Amino acid sequence: MTVAEFLVATNYALRGIEDDAPTFGDDEATYWVATLNRKKNELYNNSKVLWDATWSVESLGAITASATPTYNCDADLIAASDQAYAVDTNSKLVYFDFIRPKERPTNGRKVYLAGMNPRVLYFTNAITADEDIVGGTLHLPGYYMPADVDASSD
């Protein structure tokens with residue numbers, strides 16, 4: 001459904017056939033589209049109900065050597081998958097299991113999410129310069145908030 005179709009359908013539901021639908025860009029249409037976006041956010045922002053249509057794999061950027069590796073997540077992240085992965089410099093996939101922050105292991109490399117605005121992905125141990133993942137790309141599969149509607153052709 002496009003925004004133009006939404007305006008016509010909403011107008012019919014609220015007013016019946018007595019009045020014309022607002023034109024995209026006028027104050028009333030802007031109000032209705034803002035309401036549509038607010039309801040979209042309420043629908044998808046519940047991490048207990050995850051919609052397949054919101055699944056995506058987002059890149060968190062290049063992996064660098066660091067004693068305390070951290071990567072900011074996209075602000076639209078609703079819920080992460082059970083693993084993050086890197087594509088190393090040899091185009092090989094390297095998977096990292098998620099854990100809870102308080103469960104940090106003493107061996108093996110895991111990842112966890114913490115913080116808000118932005119949520120941050122943390123590695124449980126250092127990444128050294130001689131590892132193949134350095135220079136590769138880190139990816140975070142998960143559920144992401146769809147973009148707001150903002151054009152009559154959306």
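Treat the numbers as computed from the prediction; the structure is a model and nothing was measured.
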Closest heavy-atom contact between A84 and P141? CA-CD, 4.1 Å
Is any side-chain heavy atom of V111 less than 4.5 Å from a side-chain heavy atom of D97? no
Determine, stepwise, if the pair T137 / I63 fulfils side-chain contact (heavy atoms from CB on, under 4.5 Å). CA-CA 6 Å; T137 308; I63 298 175; over 6 Å; no
Check for me, please, whether V149 and Y44 land in the same ILVMFWY cluster - side-chain distances under 4.5 Å, paths through other members count. no
Between A65 and A129, which heavy-atom pair has the shortest distance, and what is it? CB-N, 3.6 Å
Identify the two heavy atoms, one from I133 and one from A86, that lie closest to each other, and give their separation to 0.1 Å. CG2-CB, 4.3 Å
Contacts of type ring-ring contact (aromatic ring centres under 6.0 Å, His included), residue Y144, not counting sequence neighbours: none
Answer whether the closest heavy-atom distance between the side chains of L43 and V49 falls below 4.5 Å. no
Decide if atom CG of D27 counts as having more than 12 heavy atoms of other residues, nucleotides or ligands within a radius under 6.0 Å. no
For G25 versus T30, what's the shortest heavy-atom pair and its separation? O-OG1, 3.8 Å
Interatomic distance, CG@L60 vs CG@L77, rounded to 0.5 Å, equals 9.0 Å
So L140 and S81, do their side chains get closer than 4.5 Å, heavy atoms only? no
May I have all residue pairs that pass side chain to side chain donor-acceptor pair (under 3.5 Å) and include part of residues 108-130, sequence neighbours excluded? R109-N125, R109-E131, T128-D130, T128-E131
Separation between CH2 of W51 and OH of Y143, rounded to the nearest 0.5 Å: 12.0 Å
Separation between CE (M145) and OG1 (T54), nearest 0.5 Å, reads 8.5 Å
Suppose the criterion is side chain to side chain donor-acceptor pair (under 3.5 Å): which pairs have a residue in residues 58-72, not counting sequence neighbours? S56-E58
Can you name the residues that form a ring-ring contact (aromatic ring centres under 6.0 Å, His included) with Y85, not counting sequence neighbours? Y95, H139
Any pair with a residue in residues 69-93 that passes salt bridge (Lys or Arg N to Asp or Glu O under 4.0 Å), sequence neighbours left out, goes on the list, sorted by first then second residue, please. none
Between atom CD of E42 and atom NZ of K39, what is the distance when rounded to the nearest 0.5 Å? 4.0 Å
Considering all heavy atoms of both residues, which atom of C73 and which atom of P118 are nearest to each other, and what is their separation? O-CB, 4.1 Å
Pairwise side-chain contact, L121 with F98, heavy-atom cut-off 4.5 Å (strictly under): yes
Residues A29 and P22: closest non-hydrogen pair is N-CB, 3.8 Å
Please tell me whether I127 and V94 are part of a single hydrophobic cluster in this structure, the criterion being side-chain heavy atoms less than 4.5 Å apart. yes
For Y31, which residues count as a ring-ring contact (aromatic ring centres under 6.0 Å, His included) partner, sequence neighbours excluded? none
Flag, side chain of T10 to backbone of L7, donor-acceptor distance under 3.5 Å: no
Do W32 and N37 have side-chain heavy atoms sitting under 4.5 Å apart? no
So K40 and P146, do their side chains get closer than 4.5 Å, heavy atoms only? yes
Treat each ILVMFWY residue as a node, draw an edge where side-chain heavy atoms are under 4.5 Å apart, and state whether F123 and V120 are in one component. no
